[in-house]
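Sequential numbering from 1 along the given sequence is applied to the chain's residues. The model shown is predicted, which means the values in this text are computed figures rather than measured ones.
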Amino acid sequence: MNNIDINIEITNQKIFLTCEGKHSSYKLSSKNPRKSMIARVVKLTGLPRKEVGDYLKAFFLNYKPPTNAVE
């Protein structure tokens, strides 16, 4: 996305989102963390929901957890 600073970090139990200098965290066990993340990014940036949703969908489809992750 154009000039928007979005950083997503995934650990064993949580997803950490940093967008426009604001930090949020989401539990992996929640029903749909991506939906909450989309709402948060749209609120902070004013970007269209479809654009943000497509970006996050692509991120999660391409995300590969580390092979040596410790539980």
>> To check you understand the geometry: which heavy-atom pair defines the closest contact between Leu17 and Arg40, and what is its length?
In response: CD2-CG, 4.2 Å

> Looking at Leu28 and Asn12, what are the two nearest heavy atoms and their distance?
Replying inline: CD1-O, 3.4 Å

> Applying the 4.5 Å side-chain criterion to the ILVMFWY set and letting contacts propagate, would Phe16 and Met37 be lumped into a single cluster?
Replying inline: no

> Val52 and Ile8: same hydrophobic cluster, using ILVMFWY side-chain contacts below 4.5 Å?
Replying inline: yes

>> Could you work out, with side-chain contact (heavy atoms from CB on, under 4.5 Å) as the rule, every residue matching Lys35, not counting sequence neighbours?
In response: Asn32, Arg49

> Any link between Leu47 and Val42 through a network of hydrophobic side chains (Ile, Leu, Val, Met, Phe, Trp, Tyr) touching at under 4.5 Å?
Replying inline: yes

>> Ignoring hydrogens, what is the shortest heavy-atom contact between Cys19 and Ile6? Give both atom names and the distance.
In response: SG-CG1, 4.0 Å

> Do the side chains of Lys14 and Tyr26 get nearer than 4.5 Å, heavy atoms only?
Replying inline: no

> Is there a side-chain contact between Ile38 and Tyr55, using heavy atoms and a 4.5 Å cut-off?
Replying inline: no

> Rounded to the nearest 0.5 Å, what separation is found between the CG atom of Asp5 and the NZ atom of Lys22?
Replying inline: 13.5 Å

>> A side-chain contact here means heavy atoms from C-beta on lying under 4.5 Å apart; do Arg34 and Lys57 qualify?
In response: yes

